[in-house]
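Okay, structure first, notes after.
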Amino acid sequence: AIVQEVADALHGNDGETTIEAILASRCVSHDTVVREFGGTDALVVAVVRRIAESLLEPLSDDPTEASFKRQLVEFSRLAMDEYAGSRLKNLYRLAIADASRDAGMKGEVYRNGPGLLQRELARFFRSARMAGVSLHADSHRLANYFVALLRTHWDLSDMSGSQNRRSAQGHIGWLVESCFWGLQAEADRA
């Protein structure tokens, strides 16, 4: 319940830049956090993991040739919703602020957030290849390319305002299609 409270608070975060401020706004005591998690760092890592796992939900089933792009589009839409809704940006802001106090936390945040997304996307691409989807690049490389393409798309839509963010949501299918068309063309040239 505490993890969900913090995750929900990140959606409407109005400038609270520390975990302590978020917990205070949600009436969650420091003693409760220590008792349940061992400390606020572990709570932040649990929130990072919860959000990453929710984004990965569309990729949990092994893909088929028919479901591959649909699953990636759904993953991309969820990720775009999280990013546009400020939860991911606020979460990373919060994690960076806390990590500056504890260097070891940076690794935990990465492993349970971006690292988990990268690993699971690579697993998804390996499964897709075994299911007959024509993917010529290494699965880890594909995961890196795909996340980089999404980040670029999110950052550009974020810079250009809310109207373009809504428009960007409508272009996610095209983005997924063009990503794999481009990778296929590169593989054919090699």
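Predicted, not measured: the structure shown is a model, and the values here were computed from it.
In this structure S67 satisfies the side-chain hydrogen bond (donor to acceptor under 3.5 Å, both in side chains) test together with T64, Q71, sequence neighbours excluded. Residues that satisfy the side-chain hydrogen bond (donor to acceptor under 3.5 Å, both in side chains) test with R111, not counting sequence neighbours, are E108. In this structure E5 satisfies the salt bridge (charged side-chain N to carboxylate O under 4.0 Å, His left out) test together with R26, sequence neighbours excluded. With sequence neighbours excluded, the residues satisfying side chain to side chain contact (heavy atoms under 4.5 Å, CB included) with V3 are F37, L43, A46, V47, R50. Here A143 pairs with Q118, L121, A122, F125 under the side chain to side chain contact (heavy atoms under 4.5 Å, CB included) rule; sequence neighbours left out. Residues forming a salt bridge (charged side-chain N to carboxylate O under 4.0 Å, His left out) with E53 (at least two apart in sequence, or on another chain): R49. Applying the side-chain hydrogen bond (donor to acceptor under 3.5 Å, both in side chains) rule to R126 yields no partners; only residues at least two apart in sequence or on another chain are considered. In terms of the ring-ring contact (aromatic ring centres under 6.0 Å, His included) criterion, F75 has no residue partners (sequence neighbours excluded). Taking S29 as the reference, T32 meet the side-chain hydrogen bond (donor to acceptor under 3.5 Å, both in side chains) condition, with sequence neighbours excluded.
Between the OG atom in S25 and the CD atom in E20 there is a gap of 11.5 Å [rounded to 0.5 Å]. Between the CG atom in L149 and the CG atom in N144 there is a gap of 12.5 Å [rounded to 0.5 Å]. In this structure, the separation between OG on S139 and CG on L135 is 7.0 Å, given to the nearest 0.5 Å. Once rounded to the nearest 0.5 Å, the distance linking OH of Y145 with CG of D138 reads 10.0 Å.
For P63 against A131, the heavy-atom pair with the smallest separation is O-CB, 3.3 Å. Contact between A52 and L116 at its shortest, heavy atoms only, is CB-CD2, 3.9 Å. Closest approach of P114 to V109, counting heavy atoms only: CD-O, 3.6 Å. Counting all heavy atoms, side chain and backbone alike, S76 lies closest to V176 at OG-CG2, 3.9 Å.
Using a 4.5 Å cut-off on side-chain heavy atoms (C-beta onward), L78 and P58 make contact. No side-chain heavy atom of F124 sits under 4.5 Å from any side-chain heavy atom of L56. Residues H30 and T40 meet the side-chain proximity criterion, which asks for heavy atoms closer than 4.5 Å.
The list of salt bridge (Lys or Arg N to Asp or Glu O under 4.0 Å) pairs with a residue in residues 56-67, not counting sequence neighbours, reads D62-R123.
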Between R129 and L142, is the side chain to side chain contact (heavy atoms under 4.5 Å, CB included) condition met? List the steps. CA-CA 12 Å; R129 184 178 291 122; L142 282 174; 4.1 Å; yes

